[in-house]
Amino acid sequence: MSEGCVRVAVRIRPLLPKEVLHDHRVCVRVVPGTGQVMVGEDRLFTFDNAFGPSVSQDEVYESCVQSLVERLVDGENATVFCYGQTGSGKTYTLGRRSREGGIIDHAAQDLFLYLAEKRKESDVVDVTVKVSYIEVYREELRDLLQLQTTHKELRIREDERGNTGNQLFLPLHIF
Ligand SMILES: Nc1ncnc2c1ncn2[C@@H]1O[C@H](COP(=O)(O)OP(=O)(O)OP(=O)(O)O)[C@@H](O)[C@H]1O
């Protein structure tokens with residue numbers, strides 16, 4: 001993938017069994033060896049990376065996210081998000097819907113691995129990892145670790161230093 005600040009990858013999921021049953025047809029294909037996808041017969045779109053239906057969770061993580069987690073432990077910020085229409089595979093790609101595990105599983109594992117390496121090779125002794133898990137749906141926030149919190153209690157604000165944070169949310173300390 002190119003090293004620009006914003007990189008965009010597209011992932012095409014396989015047809016679901018019910019879609020095969022209803023004789024749905026694939027209308028978008030990856031052009032092999034490129035970051036391009038072809039919609040229909042002649043509409044070409046270019047991305048930093050294009051993944052076809054047979055690409056594994058590992059491959060998506062290694063191509064798009066792993067280097068960000070590596071750089072995170074050196075103090076860089078990173079954001080990864082999935083977008084797409086309902087049913088396109090966002091939850092699958094991010095999370096736990098597959099046996100392999102998605103981006104969150106891989107990133108969490110690697111984060112602790114890299115932190116352990118960092119602690120071995122430098123004089124860093126104490127590290128704190130904080131996790132928040134928030135759903136933004138139709139402009140409303142939901143704290144997925146504290147479901148009893150109502151959206152009215154949650155706000156995302158930018159402070160005077162440009163840091164964006166969730167005002168009332170208490171992160172879970174896990175390390
Ligand atoms: N790469 C993939 N390989 C196999 N199955 C997939 C893949 N991506 C998605 N699926 C399957 O497609 C279905 C829809 O995926 P998913 O629920 O992740 O979509 P979504 O974009 O999160 O939808 P929504 O916005 O409605 O929550 C699920 O049954 C999921 O298991």
Side-chain angles (χ1 to χ4, degrees), residues 1-2 4-41 43-70 72 77-113 129-156 164 166 169 171-172 174:
M1 239 183 180
S2 71
C5 286
V6 178
R7 289 174 283 154
V8 183
V10 64
R11 186 179 198 186
I12 300 166
R13 71 157 168 76
L15 288 180
L16 302 176
K18 66 173 179 201
E19 292 169 333
V20 174
L21 207 64
H22 286 97
D23 209 20
H24 290 193
R25 300 289 162 88
V26 174
C27 65
V28 54
R29 289 179 180 78
V30 171
V31 181
T34 70
Q36 294 181 316
V37 296
M38 177 81 83
V39 179
E41 296 304 316
R43 296 176 65 203
L44 206 55
F45 296 87
T46 303
F47 299 86
D48 292 296
N49 229 325
F51 302 110
S54 61
V55 168
S56 68
Q57 297 279 71
D58 281 358
E59 211 172 325
V60 171
Y61 172 74
E62 282 161 19
S63 312
C64 299
V65 185
Q66 192 165 36
S67 65
L68 298 177
V69 181
E70 259 169 34
L72 199 69
N77 292 327
T79 301
V80 176
F81 70 95
C82 293
Y83 67 98
Q85 72 178 64
T86 187
S88 55
K90 303 179 294 291
T91 311
Y92 181 96
T93 297
L94 279 175
R96 276 237 144 242
R97 286 221 170 127
S98 65
R99 258 181 293 136
E100 296 170 283
I103 287 174
I104 295 174
D105 304 79
H106 283 88
Q109 260 175 22
D110 276 355
L111 178 64
F112 286 100
L113 201 74
V129 175
K130 297 178 185 176
V131 174
S132 16
Y133 197 27
I134 297 168
E135 178 183 74
V136 185
Y137 184 64
R138 296 189 166 182
E139 311 268 319
E140 283 184 2
L141 298 175
R142 194 153 164 244
D143 185 342
L144 298 175
L145 298 177
Q146 299 189 54
L147 291 173
Q148 74 283 4
T149 313
T150 70
H151 68 88
K152 291 197 176 70
E153 296 172 75
L154 298 165
R155 306 244 179 287
I156 290 181
T164 309
N166 187 329
F169 179 70
L172 180 69
I174 54 174

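Just follow the structure's listing: the first ligand is 1, and inside any ligand the first atom is 1. Worth saying up front: this structure is predicted, and the values here are computed from it rather than measured.
Panel note: side chain Arg13, backbone Thr93; no donor-acceptor pair is recorded below 3.5 Å. Judged by distance alone, with hydrogens and angles left aside, the side-chain atoms of Glu19 form no donor-acceptor pair with the main-chain N or O of Val26 at under 3.5 Å. Side chain of Asp48 to backbone of Ala9: no donor-acceptor contact under 3.5 angstrom is found.
At a 3.5 angstrom cut-off on N or O pairs, Gly87 counts as close to ligand 1.
For Gln85, every heavy-atom contact with ligand 1 shorter than 4.0 Å involves the backbone, none the side chain. Neither the backbone nor the side chain of Cys82 comes within 4.0 Å of ligand 1, counting heavy atoms alone. Counting heavy atoms closer than 4.0 Å to ligand 1, residue Leu16 contributes side-chain atoms (C-beta onward) but none from N, CA, C or O.
Heavy-atom proximity to atom 8 (N) of ligand 1, evaluated over Phe51, Tyr92, Tyr83, is greatest for Tyr92.
Short contacts between ligand 1 and Pro14, defined as distances under 4.0 Å to a heavy atom of the residue, involve ligand atoms 1 (N), 2 (C), 3 (N), 4 (C).
Put simply, no part of Gly84 is less than 4.0 Å from ligand 1, judged by heavy atoms. By the 4.0 Å heavy-atom criterion, Arg11 is counted among the residues contacting ligand 1.
His24 approaches Leu15 most closely through the heavy-atom pair O-CD1, 3.4 Å. When all heavy atoms of Ala78 and Leu68 are compared, the pair lying nearest together is CB-CB, 4.0 Å.
The ring-ring contact (aromatic ring centres under 6.0 Å, His included) check on Tyr137 picks up nothing, with sequence neighbours excluded.
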